[in-house]
Amino acid sequence: MKAASTVALALVLIVSPIHAKDKLAPLPASVIAAKTVYIDNQTGHAEIADRAYDALSKWGRFKILKDAKDADLVLRFTTNTKGRPTPPGNDIDISPTPVVFSVRDQANNELWSVSKDKPLHSQTRLDIDEFKKRIEEQEKGN
């Protein structure tokens with residue numbers, strides 16, 4: 001009986017760390033409660049704001065405002081250009097420059113952020129999709 005208990009405990013200890021890495025820190029309550037957002041595009045590419053607006057509109061969770069001071073959250077898009085070449089014709093669809101997407105409150109505190117090393121053309125929608133996934137998982141209690 002003691003051997004069976006030892007084996008069971010060993011399995012729990014081995015399997016638990018594997019699943020623990022899937023657990024993510026909860027988003028702040030202010031993110032979950034937010035109803036309005038402002039898109040702060042600091043990339044220098046209008047297409048980023050357009051793509052963010054499109055993705056957020058399709059999601060339908062937030063009202064997108066024209067003034068940051070009235071928004072619950074500011075969704076900021078910046079680029080990480082360190083050591084990266086400018087794409088031919090400054091074409092964001094072939095740019096190797098990743099976008100940094102951060103969610104900020106009115107005091108400019110960063111509440112959540114993500115950056116993948118993907119070209120600009122796909123990154124904006126991926127970031128919004130990941131933000132959506134995190135919120136929805138948290139609301140489901142996962």
Note to self: Looking at Gln106 and Ala68, would you say the former's side chain and the latter's main chain have a donor-acceptor pair under 3.5 Å?
What the structure shows: yes
Check: Do the side chains of Val114 and Val74 join up, straight or via other hydrophobic residues, at under 4.5 Å, putting them in one cluster?
Finding: no
Notebook entry, point to check: Distance from Arg76 atom CZ to Gln42 atom CD, nearest 0.5 Å?
Noted result: 4.5 Å
Margin query: Give me the atom names and distance for the closest heavy-atom approach of Val37 to Ala71.
Written below: C-CB, 3.7 Å
Notebook entry, point to check: At what distance, to the nearest 0.5 angstrom, does OG of Ser30 lie from CZ of Arg104?
Noted result: 13.0 Å
Check: Can you find a heavy atom in the side chain of Ser57 that is under 4.5 Å from one in the side chain of Asp54?
Finding: no
Margin query: Going by side-chain contact (heavy atoms from CB on, under 4.5 Å), name the residues that satisfy it together with Asp105, two or more places apart in sequence or in a different chain.
Written below: Ala107, Asn109, Leu111
Note to self: Between Arg51 and Asn41, do the side chains contain a donor N or O and an acceptor N or O under 3.5 Å apart?
What the structure shows: no
Margin query: On a heavy-atom basis, which atom in Tyr38 and which in Leu65 lie closest, and how many Å separate them?
Written below: CD1-O, 3.4 Å
Item checked: Approximate separation, where rounding is to 0.5 Å, of Glu136 CD and Lys132 NZ -> 5.0 Å
Margin query: Are Trp59 and Ile135 packed together at the side-chain level, in the sense that at least one heavy-atom pair is separated by less than 4.5 angstrom?
Written below: yes
Margin query: Once rounded to the nearest 0.5 Å, what's the spacing between atom CD1 of Ile39 and atom NZ of Lys66?
Written below: 12.0 Å
Check: What's the shortest heavy-atom distance between Ser102 and Glu110, and which atoms?
Finding: CB-OE1, 3.6 Å
Note to self: Measuring only between side-chain heavy atoms, which start at C-beta, is Thr36 closer than 4.5 Å to Asp70?
What the structure shows: no
Margin query: When you measure from the side chain of Asp40 to the backbone of Leu75, do you find a donor-acceptor pair of N or O atoms at a distance under 3.5 Å?
Written below: no
Next item on the list: Return the orientation label for the Phe131 and Phe62 ring planes: parallel under 30°, perpendicular over 60°, tilted otherwise.
Entry: parallel
Item checked: Salt-bridge contact Glu139-Arg61 (side-chain N to carboxylate O under 4.0 Å) -> yes
Note to self: Could you measure the distance from the CG atom of Leu27 to the CD atom of Glu137? Nearest 0.5 Å is fine.
What the structure shows: 10.0 Å
